[in-house]
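Quick caveat: nothing in here was measured; it's all calculated off a predicted structure. Basis for what follows: all heavy atoms, side chains included, without hydrogens, waters or symmetry-related copies. Read the numbers this way: they start at 1 and go in the same order the structure lists the ligands and their atoms. The first residue of the sequence shown is numbered 1, and numbering continues consecutively from there.
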Amino acid sequence: MSLPSHVRLVEVGPRDGLQNEAQPISVADKVQLVDALSAAGVSYIEVGSFVSPKWVPQMAGSAEVFAQIQRKPGVTYAALAPNLRGFEDALAAGVKEVAVFAAASQAFSQRNINCSISESLERFAPIMSAAKQHGVSVRGYVSCVLGCPYEGEIAPQQVAAVARELYAMGCYEVSLGDTIGTGTAGATRRLFEVVGAQVPRDKLAGHFHDTYGQAIANIYASLLEGISVFDSSIAGLGGCPYAKGASGNVASEDVLYLLNGLGIETGIDLDALIRAGQQISTVLGRPSGARVAKARNAK
Ligand code: HMG
Ligand code: MG
């Protein structure tokens, strides 16, 4: 299969990245990050979550962040919603796109959202109908697609079953999350072969955490399988509060460097993206997790 000519990068740093930070980050710093990302040409930004503040305290200010960002035309500003309450809060904050999140592993589903996989899908049904009524698009996530911190190996067929359900209930796209970053390129190709038989490949995305340093290889493997949407995180921020040891998502800067090298269009300016990553790294008081940013800085 030939490589796609265009890739959409879904920037999850302000959400998947920052949700894992223990230190308080001000609304102003979050807003500055989102605005720096849109200024760099990022067309899709996951800004925050409307989840229980007891579960993920860092996302508690998401409504304020949405109120203060400068919405650039053509940019999608999205938020996670785990239940109808989250959806309604998102709607009240002016959110036009939400993401629901399920898992391919029962144990992870319990730890992350306190219910079984089938209960989670039942919870999403009223979100789907409310979203339709309000003209809100819904993206779906499946976590633990290449391994679970509690259950170990996960069969691709298990992932396919959950992805198919999310797609059937109206998610326009389903992002497959390697939450703990254990996947390798061969397993990634096999995953998309199996899931791609149940959900059209142009409705699938890849979401790779870089815990084992495999994310860039896995993205290349996904490109070879015809996948053209990838989630990534500025400066490689993040992890998952319910997957101990999970490091950040693959750094957006590193993914962009790969795609630029392959001549694949994204609309994002690498220098501006690196600056956005440096800005948030300064706020967090640590060096950027993006290899490309480190290499540029060393010059
Ligand atoms: P629960 O405790 O079972 O829910 O949590 P509940 O309905 O019994 O409610 C408990 C309390 O939470 C109540 O408050 C509710 O009002 C409140 P209390 O009476 O105790 O004061 N509550 C809410 N508050 C704000 N917003 C809401 C909301 N819902 C209930 N939407 C629940 C269930 C789903 C709420 C909880 O487990 C939760 O919020 N989980 C979120 C976990 C999370 O955000 N994880 C990280 C994101 S997923 C991820 O990172 C993976 C991904 O990146 C892909 C990948 O890498 O694989 C997407
Ligand atoms: Mg994630």
Closer than 4.0 Å to some heavy atom of T179 - which atoms of ligand 1 meet that?
55 (C), 56 (O), 57 (O)

Identify, by atom number and element, the atoms of ligand 1 in contact range of G86, meaning under 4.0 Å from any of its heavy atoms.
31 (N)

Ligand-residue contact atoms, ligand 1 with P53, heavy atoms, under 4.0 Å
24 (N), 25 (C)

Quick check on contacts: which atoms of ligand 1 are under 4.0 angstrom from a heavy atom of N114?
1 (P), 2 (O), 3 (O)

So, Q106 and Y150: side-chain donor and acceptor under 3.5 Å apart, yes or no?
no

Run down the list D231, V56, N20 and name the one with the heavy atom closest to atom 43 (C) of ligand 1.
V56

Nitrogen or oxygen atoms of R123 and ligand 1 under 3.5 Å apart:
no

Could you work out, for atom 54 (C) of ligand 1, the closest of G177, S143, G181 by heavy-atom distance?
S143

So, Q278 and N297: side-chain donor and acceptor under 3.5 Å apart, yes or no?
yes

Ligand 1 N/O within reach of F50 N/O, cut-off under 3.5 Å
yes

Note: ligand 1 atoms sitting under 4.0 Å from heavy atoms of H209 are 56 (O)

Do any nitrogen or oxygen atoms of L80 lie less than 3.5 angstrom from nitrogen or oxygen atoms of ligand 1?
no

Please verify whether a non-hydrogen atom of R15 lies at under 4.0 Å from ligand 1.
yes

Is there at least one pair of N or O atoms, one from D178 and one from ligand 1, spaced under 3.5 Å apart?
no

Measure from NZ or CZ of R123 to the centre of the six-membered ring of F87 and say whether it is under 6.0 Å with the direction within 45° of the ring axis.
no

Is the Lys NZ or Arg CZ of R139 less than 6.0 Å from the centre of Y141's six-membered ring, within 45° of the axis?
yes

Donor-acceptor side-chain pairing of E97 and T76 below 3.5 angstrom
no

Suppose I only count heavy atoms of D16 and a 4.0 Å limit; which atoms of ligand 1 are within that range?
50 (O), 53 (O)

Assess the side chains of H207 and N249: does a donor N or O sit below 3.5 Å from an acceptor N or O?
yes

So for ligand 1, is D89 a polar contact partner (N or O within less than 3.5 Å, distance only)?
no

Of the choices R85, Q110, M59, Q58, which has the non-hydrogen atom that lies closest to atom 16 (O) of ligand 1?
R85

Does R291 make a cation-pi contact with Y257 (under 6.0 Å, within 45 degrees of the axis)?
no

Residue D16, metal the Mg ion (ligand 2), N/O/S under 2.8 Å:
yes

Using every non-hydrogen atom in the two residues, find where G289 and D254 come nearest and quote the distance to one decimal.
O-OD2, 4.5 Å

Under 3.5 Å, is there a donor-acceptor pair linking the side chains of D29 and S26?
yes

Do V100 and V138 have side chains that approach each other closer than 4.5 Å (heavy atoms only, starting at C-beta)?
yes

